[in-house]
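Everything on this sheet refers to the single structure shown next.
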Amino acid sequence: MKNKFLFIDRDGTIIDEPAVDFKVDSFNKLKFKKNVFSSLLNLKNHNYKFVMITNQDGLGTKEFPNSKFYLIQNFIIDVFLSQEIKFCEILICPHYISDNCKCRKPKTEMLIPIFKKYNVDMENSFVIGDRETDIKLAENIGIQGILYGKKHYDWNKIEKKIINNNNFIIIRRKTKETKVKVTLNLEKYIDSNINTGIKFFDHMLCQFAFHSRIFLKIKSVGDICVDDHHTVEDVAITLGQALFKTIQKRVGINRFGFGIVPMDESISRCVLDISGRPYIHFISNLNNVFLGNFNLNMVKHFFSSLSYSMRSTIHIKSNGENDHHICESIFKSFGVAFRNAIFITSNIVQSSKGVLL
């Protein structure tokens with residue numbers, strides 16, 4: 001299991017940093033940042049682990065003895081513990097810049113044991129600090145950085161940014177035929193960004209995203225010079241895996257969804273059961289012709305591949321005269337059905353078995 005981490009600077013981020021000597025060596029210099037406790041407690045409830053990582057120039061010298069530092073440091077830790085917030089690791093570099101040590105931020109030496117001990121979720125972990133060295137540290141270890149400060153992010157904004165990011169799912173699939181990346185967020189709708197190299201297919205996926213009110217970003221590079229089969233299939237597989245992973249986090253979803261969408265002379269009906277049981281039933285009078293560089297024969301195959309990768313039952317029935325209208329109403333009806341199915345109606349699993357997926 002991957003662990004989500006926040007690597008948090010101390011002085012200037014958790015507590016105020018004195019402007020004169022930059023040392024918090026007495027209680028009259030100690031002041032906690034506004035909302036740091038409430039934000040970290042909320043982030044803890046989103047399963048984040050906390051690491052304090054700080055440069056303390058000259059710690060252990062006559063100018064900055066250990067006794068003064070740890071008197072304040074231990075008090076800080078005790079206050080956080082009283083609020084049920086624990087730092088699983090505390091990393092301190094005691095050197096000056098001139099010492100040219102290997103552990104001082106933005107160098108990564110102090111973090112090596114963390115990455116050996118824990119399976120770090122790189123896509124959902126952050127470095128938080130008030131200096132550019134903290135952002136550089138994030139860059140050096142390959143995760144996101146958030147710059148704390150009046151002109152940047154306070155703790156409320158940091159909390160919101162991290163939680164929003166936490167709702168994004170990224171799934172990648174790479175074969176000898178295609179390379180697909182899907183980014184998904186079920187919690188709020190943002191205009192989707194889809195590029196598969198098949199323009200009509202992009203249009204259909206955008207219709208699904210819009211009518212299900214989710215954010216969907218898809219980037220696919222494939223052998224469409226051969227035909228569209230591999231790209232459509234692998235996009236469906238990757239999208240289904242992303243949907244499956246995201247749905248797993250939502251307790252109490254409606255589970256069943258239906259959508260009926262007319263488009264001029266055409267009409268499509270979709271019934272969806274997010275059940276853990278893949279099955280596809282597809283009836284349509286689409287002709288095996290191309291719309292742009294998209295073969296309409298791939299519509300059924302897309303939903304078949306999607307059904308198995310998202311482990312859900314999908315029934316689709318459509319009829320009409322215009323292939324464009326029929327195809328678009330199919331994807332729209334699936335979007336409406338999906339939106340209904342993932343709507344949270346209670347705090348219990350909608351199955352007598354006690355488990356869906």
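FYI, the numbering just counts along the sequence from 1. Everything numeric here is computed off the predicted structure, so don't read it as measured data.
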- request: Group every Ile, Leu, Val, Met, Phe, Trp and Tyr by side-chain heavy-atom contacts under 4.5 Å, then state whether Ile342 and Val336 land in the same group.
  value: no
message: Are the side chains of Ser275 and Arg255 in contact, using a 4.5 Å heavy-atom criterion?
response: yes
message: Can you confirm whether more than 12 heavy atoms, excluding those of Tyr153, are under 6.0 Å from its OH atom?
response: no
message: Just so I know, are the side chains of Leu111 and Leu137 near enough to count as touching, which here means a heavy-atom distance under 4.5 Å?
response: yes
query: What are the two closest non-hydrogen atoms of Arg269 and Ser333, and how far apart are they?
result: C-OG, 4.3 Å
query: So if you build clusters from Ile, Leu, Val, Met, Phe, Trp, Tyr with side-chain heavy-atom gaps below 4.5 Å, do Phe126 and Leu41 land together?
result: yes
- prompt: Would you say Ser39's side chain and Val36's backbone share a donor-acceptor pair under 3.5 angstrom?
  reply: no
field: Proximity of Phe258 and Phe256 rings by center, below 6.0 Å
entry: no
Pairwise side-chain contact, Ile85 with Leu81, heavy-atom cut-off 4.5 Å (strictly under): no
SB check Lys4 Glu123 (cutoff 4.0 Å): no
task: Identify the two heavy atoms, one from Leu243 and one from Leu186, that lie closest to each other, and give their separation to 0.1 Å.
output: CD2-CD2, 4.5 Å
query: Looking at Ser304 and Ile280, what are the two nearest heavy atoms and their distance?
result: OG-CG2, 3.8 Å
message: Under a 3.5 Å distance rule, please check whether Asn295 uses its side chain to pair with a backbone N or O of Met298 as donor and acceptor.
response: no
Test: Asp16 and Lys29 ion pair at under 4.0 Å: no
- request: May I ask you to decide if the ring planes of Phe64 and Phe69 are parallel, tilted or perpendicular, using 30° and 60° as cut-offs?
  value: perpendicular
field: Result of checking Ser284, Ser268, Ser318 against Ser329 for side chain to side chain donor-acceptor pair (under 3.5 Å)
entry: Ser268
- request: Quick one: closest heavy-atom pair of Val221 and Lys219, and the distance?
  value: CG2-CE, 4.2 Å
query: Are side-chain heavy atoms of Ile247 and Met310 found at a separation under 4.5 Å?
result: yes
- prompt: Are Leu43 and Tyr118 joined in one hydrophobic group, where the rule is that I, L, V, M, F, W and Y side chains link up if heavy atoms are under 4.5 Å apart?
  reply: no
message: If you count heavy atoms of other groups shown closer than 6.0 angstrom to NZ of Lys107, is the number above 12?
response: yes
field: Trace of the side chain to side chain donor-acceptor pair (under 3.5 Å) decision for Asn140 with Thr108
entry: CA-CA 7 Å; Asn140 288 344; Thr108 61; over 6 Å; no
- prompt: Which class fits the ring pair Tyr148 and Trp155: parallel under 30°, tilted 30 to 60°, perpendicular over 60°?
  reply: tilted
- prompt: Would one find more than 12 heavy atoms of other residues, nucleotides or ligands at under 6.0 Å from atom NZ of Lys49?
  reply: no
field: Contact check, side chains of Asp154 and Lys33, non-hydrogen atoms, under 4.5 Å
entry: no
- prompt: Where do Asp273 and Thr313 land on the side chain to side chain donor-acceptor pair (under 3.5 Å) test, with the steps shown first?
  reply: CA-CA 5 Å; Asp273 179 13; Thr313 295; 4.8 Å; no
field: Donor-acceptor contact below 3.5 Å, side chain Asp99 vs main chain His95
entry: no
statement: Correct closest heavy-atom pair for Cys270 and Ile314 would be SG-CG2, 4.2 Å
message: My understanding is that only one of Asp121, Asn42, Asn124, Asn3 makes a side chain to side chain contact (heavy atoms under 4.5 Å, CB included) with Tyr48; could you say which?
response: Asn124
- prompt: Step by step, would you call Glu233 with Ile237 a side-chain contact (heavy atoms from CB on, under 4.5 Å)?
  reply: CA-CA 6 Å; Glu233 180 179 75; Ile237 291 171; 4.0 Å; yes
- request: Show your reasoning for whether ring-ring contact (aromatic ring centres under 6.0 Å, His included) applies to Phe168 and Phe215.
  value: CA-CA 9 Å; Phe168 282 85; Phe215 169 71; 5.6 Å; yes
- prompt: Hey, does the side chain of Arg10 reach the backbone of Met52 with a donor-acceptor pair shorter than 3.5 angstrom?
  reply: no
- prompt: Mind checking whether Phe302 and Phe331 have parallel, tilted or perpendicular rings, split at 30° and 60°?
  reply: tilted
message: If you compare all heavy atoms of Leu6 against all heavy atoms of Ile162, which two are closest, and at what distance to 0.1 Å?
response: CD2-CD1, 3.7 Å
- prompt: Relative to the ring of Phe338, is the ring of Phe334 parallel (under 30°), tilted (30 to 60°) or perpendicular (over 60°)?
  reply: tilted
query: Can a salt bridge be assigned to the pair Glu89 and Lys117 using a cut-off of 4.0 Å between side-chain N and carboxylate O?
result: yes
- prompt: Mind checking whether Phe27 and Phe75 have ring centres under 6.0 Å apart?
  reply: yes
- prompt: Between Asn285 and Glu321, does any side-chain donor sit less than 3.5 Å from a side-chain acceptor?
  reply: no
task: Verify whether the ring centers belonging to Phe37 and Phe32 lie closer than 6.0 Å.
output: yes
- prompt: Does a salt bridge link Arg104 with Asp57, judged by any charged N lying under 4.0 Å from a carboxylate O?
  reply: yes
Salt-bridge contact Lys332-Glu328 (side-chain N to carboxylate O under 4.0 Å): yes
Student check: side-chain heavy atoms of Asp234 and Ser220 closer than 4.5 Å: no
- prompt: Got Phe303 and Ile330 here, is their nearest side-chain heavy-atom distance under 4.5 Å?
  reply: yes
query: Does the ring of Phe282 carry Lys300 above it, NZ/CZ under 6.0 angstrom from centre and within 45° of its axis?
result: no
field: Linked, directly or transitively: Ile14 and Leu91 (ILVMFWY side chains, under 4.5 Å)
entry: no
query: So if you build clusters from Ile, Leu, Val, Met, Phe, Trp, Tyr with side-chain heavy-atom gaps below 4.5 Å, do Ile114 and Leu40 land together?
result: no
Test item: Leu205 and Ser192 side chains (from C-beta on) under 4.5 Å apart, heavy atoms: no
- prompt: Does Phe210 have Arg213 sitting over its ring (NZ/CZ under 6.0 Å from centre, angle to axis within 45°)?
  reply: yes
task: Would you please test Phe208 and Ile214 for side-chain contact (heavy atoms from CB on, under 4.5 Å) and show each step?
output: CA-CA 9 Å; Phe208 159 64; Ile214 65 174; 3.9 Å; yes
- request: Assess whether side chain to side chain donor-acceptor pair (under 3.5 Å) is satisfied between Arg173 and Gln241, documenting all intermediate values.
  value: CA-CA 10 Å; Arg173 176 178 173 85; Gln241 290 171 346; 5.6 Å; no
message: Would you say the ring centers of His203 and Phe294 fall short of 6.0 Å from each other?
response: no
- prompt: Going by the angle between their ring planes, with limits at 30° and 60°, are His324 and Phe200 parallel, tilted or perpendicular?
  reply: perpendicular
message: Quick check against the 3.5 Å criterion: does Asp228 have a side-chain atom that pairs as donor or acceptor with the backbone of Ile224?
response: no
task: Could you tell me whether Asp9 and Arg131 have a side-chain N and a carboxylate O separated by less than 4.0 Å?
output: no
